[in-house]
2 protein chains.
Amino acid sequence: MAATVDTILEGAALEAWRSYLQSHASIVRMLDADLVAEHGITTRDYEVLLYLSQADERHLPMSALAESTMLTRSGITRLVDGLVEAGLIERVACPKDARVSYAQLTDRGYSKLREAGCSHVRSIRRLFLEHFTPDEIEQLASLLGRLPGAQPGRGCTASTDGGRQPAGPGDCAAA
Amino acid sequence: MAATVDTILEGAALEAWRSYLQSHASIVRMLDADLVAEHGITTRDYEVLLYLSQADERHLPMSALAESTMLTRSGITRLVDGLVEAGLIERVACPKDARVSYAQLTDRGYSKLREAGCSHVRSIRRLFLEHFTPDEIEQLASLLGRLPGAQPGRGCTASTDGGRQPAGPGDCAAA
DNA sequence: CGGAGACCGTTGATTCGTCAACTACAATTG
DNA sequence: CAATTGTAGTTGACGAATCAACGGTCTCCG
């Protein structure tokens, strides 16, 4: 009897796992469709612009971007290629270390981010947050924060870092 | 003031959303790596085998598979191509409707599923379920079940369908 | 100094999934 | 019955991300 408990997924465990997988697939797909339709950039593009906008001097080494976005260094190279071609970011050599090359947010990139931010955040609210009460969102944050890959407490508005966005994209931001 | 609430993601909302995205990326990646390393099939492959094993006569039309896996019909065609080549499933024409072609689980496919099932479920437990108490898993199931794409209450062990697995893969199954 | 090893970013080849177009068949409607 | 409309599945062309391998650079230690 104890054996089956280990080798079968059933009841709430199965529901939780399936909902986790399926909701993610649906939400990400719709989110991306919205962003592409309205602003011509993908969610990944948006993510990169956002991370850059929050970074010191609005630039980051490629590997930092790779880590934040959970992409390969190779993947980031190609993603950045596209954004450079679109004029949203530039590559800047690092004077201290010739190996690293910074991705630098351009003014156009910053504008694009602000432009896309509002509707993107609206989409996230509509597809994700709106289904929960504030209490439930805190529960979710606490629960999901324990999973591998999640970095609990790294939120931008956490009170430990002074509570202010260094150079956030104004009033439309953050995902 | 009310405006910023709508256009900024912060605090628990931001943490919940980021954890949701990042944990999913990490978990799925590790899960897939495990499955490929140990059994030479991907998570998608596994999913298809599992759905077939639970289906009547262990076969399903392509479009049913597409819907279950949240893939395109086109994507399923290619995925099934691979599984057919590996001898894990076969294509069978439908006598009633010449348009549909069934994906039919072979004995080898069934064996492969049983073989992979145990370790896969173990991985899911380790990466996902083990981080929560039973109560928390129920909370999660209830919360995530509300999201778009999730099909709440469709669990295999739901009491509405008689409570028995039609032809489940024995004692190792289900994700 | 000089070599060993680690690290950063890019590239080529490959895999995986999508979209759009197409074929074949079924169902509906006049 | 014929024509239209809709559905199932496959295919070609493409985009996105990966892995493996490479070239250039830094660091550490003999």
Side-chain angles (χ1 to χ4, degrees), chain A residues 21-22 24-26 28-37 40-48 52 59-86 89-104, chain B residues 21-22 24-26 28-37 40-48 52 55 59-86 89-104 149:
Chain A
L21 288 186
Q22 295 180 330
H24 182 275
S26 295
V28 164
R29 191 178 303 229
M30 292 190 274
L31 220 43
D32 220 59
D34 285 359
L35 209 45
V36 169
I41 60 175
T42 69
T43 305
R44 296 252 188 235
D45 294 335
Y46 180 86
E47 220 180 337
V48 166
L52 290 178
H59 68 198
L60 284 174
M62 302 294 280
S63 13
L65 277 180
E67 195 178 349
S68 299
T69 56
M70 317 208 70
L71 254 61
T72 313
R73 286 203 300 290
S74 163
I76 276 293
T77 294
R78 269 140 181 151
L79 183 45
V80 164
D81 282 348
L83 291 171
V84 167
E85 194 165 353
I89 70 184
E90 290 170 341
R91 281 181 216 270
V92 178
C94 171
K96 304 275 183 185
D97 185 337
R99 288 172 304 180
V100 337
S101 113
Y102 284 114
Q104 169 80 51
Chain B
L21 288 186
Q22 294 180 330
H24 181 276
S26 294
V28 165
R29 191 179 305 234
M30 291 189 276
L31 220 43
D32 219 60
D34 286 358
L35 209 45
V36 169
I41 59 175
T42 69
T43 305
R44 296 247 189 238
D45 295 335
Y46 180 85
E47 221 180 336
V48 165
L52 289 178
H59 68 196
L60 284 175
M62 304 294 280
S63 12
L65 277 180
E67 194 178 349
S68 299
T69 57
M70 315 208 70
L71 254 62
T72 312
R73 286 202 302 287
S74 163
I76 276 294
T77 292
R78 265 133 184 157
L79 183 46
V80 164
D81 282 347
L83 291 171
V84 167
E85 195 163 356
I89 71 185
E90 291 170 338
R91 281 182 216 268
V92 178
C94 170
K96 304 276 183 184
D97 185 336
R99 287 172 304 179
V100 337
S101 111
Y102 285 114
Q104 169 80 53

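Quick note on labels: first sequence line is chain A, next is B, and so on, each numbered from 1.
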Heavy-atom distance under 4.5 Å between the side chains of Ile76(B) and Thr69(B), does that happen here? yes
Spacing of Ile41(B) atom CD1 relative to dT15(C) atom P, expressed in whole Å: 18 Å
Measure from OH on Tyr102(B) to P on dA8(D) and round the result to the nearest Å. 12 Å
Select base, sugar-phosphate, or nothing to describe what Ser63(B) touches, counting heavy atoms under 4.0 Å on all strands. sugar-phosphate
If you assign Pro95(A) and Thr42(A) each to the DNA chain D nucleotide with the nearest heavy atom, which residue ends up on the more 5' nucleotide? Thr42(A)
Just the rounded figure in Å: distance from P of dG9(C) to CD of Glu67(A). 12 Å
Of Met70(B) and Ala98(B), whose nearest nucleotide on DNA chain C comes first from the 5' end? Met70(B)
Please give, in whole Å, the distance from dG17(C) C1' to Arg44(B) CZ? 8 Å
Want to settle it: does Leu79(B) or Val80(A) sit nearer the 5' end of DNA chain C, counting the closest nucleotide to each? Val80(A)
Please report the distance, rounded to the nearest Å, between CG in Leu65(A) and P in dA17(D). 14 Å
Look for any protein N or O under 3.5 Å of an N or O in nucleotides 19-21 of chain C and output each such pair with its distance, or none.
from    : atom 1 : to       : atom 2 : distance (Å)
dC19(C) : N4     : Ser74(B) : OG     : 2.9

Return the value, rounded to whole Å, for the distance between atom CG of Asp97(B) and atom P of dG6(D). 17 Å
Please classify the nucleic acid contact of Ser101(A) as base, sugar-phosphate, or nothing, using heavy-atom distances under 4.0 Å. sugar-phosphate
How many Å lie between CD1 on Ile76(B) and C1' on dA8(D), as a whole number? 13 Å
Check nucleotides 1-7 of chain C against the protein and report each pair of N or O atoms closer than 3.5 Å, with its distance, or say if there are none.
from   : atom 1 : to       : atom 2 : distance (Å)
dC7(C) : O2     : Arg99(A) : NH1    : 3.3

What is the distance, to the nearest angstrom, from the CG atom on Asp81(A) to the P atom on dT11(C)? 7 Å
